[in-house]
Every structure is written in C-alpha cells, then in structure tokens.
Amino acid sequence: MKRMMHASFFTLFTLMLTLALCQPLQAQAGSNNEKEGIQAAATWLDLVDSGAYGLSWAGAGKVFKAAVSQGQWDSTAAAVRGPLGKLVHRKLDFHQLSDTLAGMPDGLYLSLRYMTKFEKKAHALETLTLVKEDDGVFRVIGYFIK
C-alpha cells in the first residue's frame, strides 16, 4: 500500500511538473505570435501613415482585399486620414490573441488598440485586427479610427 501511494504521488508529481514546464512554452508561443502580429501592424501602419495606401492594401489580408478594392481603399483612407494630419504619437493600449473572431472561421487573430495623436486630432483610437494567414504571416484584415 505504501509503495502504491508512493508510485501515485510520483506520477502526480511528474504530471504537475510536466504541466508547469509546459506553461511557459505556451506563454512563449503566444508571446512570439503577439510580437509578430504587433510588428506586422506597425509595418502596415507605417505605410498608411506615409500615405502609401496602395502598398498598405497590397500588404493587407485576403479578407480585407475581398471587402474593399484598392481604389476604394485609396479614396477612403485618404478621406479619413488626410484631415487628421501627420502622426504625432501612437501607443499600444491593448492587444489580445484569439482563436475565434465573430463571423470568421477559426484561426489565429490578434486585436490591437492604439491611443494615437495626430497633428489635427489630439485623441484618436485606432483598432486593428490581424489574422495569421496560411503562409504563417500576420496581415491586417480590419482597421478603424474613432
């Protein structure tokens, strides 16, 4: 009986140790995805900030491109961003990875929210949604300014 309890304790201890060691690996994987997604968003926002709307459309995700043509994006982005003036400051305020997004198939999604200051708008809120596409690259599929 004592030997059986010892074996059970050892099995339980081994399982707990394995789970404890796996936690940081899972957190690290999430962290790497977050870093990749945040970097992809920054690169895409740089294009939008510089007025390279055509290039930002080309670098966007499939869902984005299916929803809006390049011509529509060019005119909409110019109409929305132009009056705001140049970027003064942008700070990441929120980020969240998720396996689901309403109305979309399961995948790896990253939602980002930035507190942004432009020359002519002191308090703007930018929201981006990215998806990790089949090629393993995060791409923007949604962009909103409030």
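As a basis for the values below, the full set of heavy atoms in this structure was taken, side chains included, without hydrogen atoms, waters or symmetry mates. Just so you know, residue 1 is the first one in the sequence shown, and it goes up from there.
Side-chain contact annotation: Ser69 with Gln72, donor-acceptor N/O pair under 3.5 Å present.
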Derivation of the salt bridge (Lys or Arg N to Asp or Glu O under 4.0 Å) call for Asp49 and Arg90: CA-CA 11 Å; Asp49 293 339; Arg90 176 180 287 126; 2.8 Å; yes

Residues Ile38, Leu112; criterion side chain to side chain contact (heavy atoms under 4.5 Å, CB included); working and verdict: CA-CA 8 Å; Ile38 291 167; Leu112 304 170; 3.8 Å; yes

Candidate pair Lys86 and Glu119, rule salt bridge (Lys or Arg N to Asp or Glu O under 4.0 Å), full reasoning: CA-CA 5 Å; Lys86 292 184 181 194; Glu119 284 178 323; 5.8 Å; no

Side chain to side chain contact (heavy atoms under 4.5 Å, CB included) between Gln70 and Lys65, intermediate numbers included: CA-CA 7 Å; Gln70 183 175 347; Lys65 292 177 183 176; over 6 Å; no

Trace of the side chain to side chain contact (heavy atoms under 4.5 Å, CB included) decision for Leu125 with Met115: CA-CA 5 Å; Leu125 190 63; Met115 304 297 286; 3.5 Å; yes

Derivation and outcome, side chain to side chain contact (heavy atoms under 4.5 Å, CB included), residues Lys62 and Asp134: CA-CA 10 Å; Lys62 295 173 190 173; Asp134 293 338; 4.0 Å; yes

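For the pair Trp73 and Ser56, the tightest heavy-atom approach, listed with the atom from each and the gap, is NE1-OG, 2.8 Å. Nearest heavy-atom pair across Ala41 and Leu128 is CB-CD2, 4.1 Å. Nearest approach of Phe118 to Val88, heavy atoms of both residues: C-CG2, 3.6 Å. Of all heavy-atom pairs between Ile141 and Met104, the closest is CD1-CE, 4.3 Å. When all heavy atoms of Ala124 and Ile145 are compared, the pair lying nearest together is CB-CG2, 4.3 Å. Taking every heavy atom of both residues into account, Ser50 and Leu47 meet most closely at OG-O, 3.0 Å.
A continuous path of ILVMFWY side-chain contacts below 4.5 Å connects Val68 to Val48, so both sit in one hydrophobic cluster. Put simply, Val63 and Val137 are part of two different groups of oily side chains (I, L, V, M, F, W, Y) that touch within less than 4.5 Å, one to the next.
For the atom pair CG (Leu110) and CD (Gln96), the distance works out to 9.0 Å, reported to the nearest 0.5 Å. To the nearest 0.5 Å, the span separating CG on Leu84 from NZ on Lys121 amounts to 7.0 Å.
Panel note: side chain Asp74, backbone Gly54; a donor-acceptor pair is recorded below 3.5 Å.
Under the ring-ring contact (aromatic ring centres under 6.0 Å, His included) criterion, no residue pair touches residues 82-115, with sequence neighbours excluded. The ring-ring contact (aromatic ring centres under 6.0 Å, His included) contacts involving residues 126-146 comprise Trp44-Tyr143, where partners must be two or more places apart or lie in separate chains.
Proximity of Leu108 to Val131: side-chain heavy atoms (C-beta onward) are nowhere separated by under 4.5 Å. Between Leu97 and Asn33, the closest side-chain pair of non-hydrogen atoms falls below 4.5 Å.
Applying the side chain to side chain donor-acceptor pair (under 3.5 Å) test to Thr116 and every residue at least two apart in sequence or in another chain returns Glu126.
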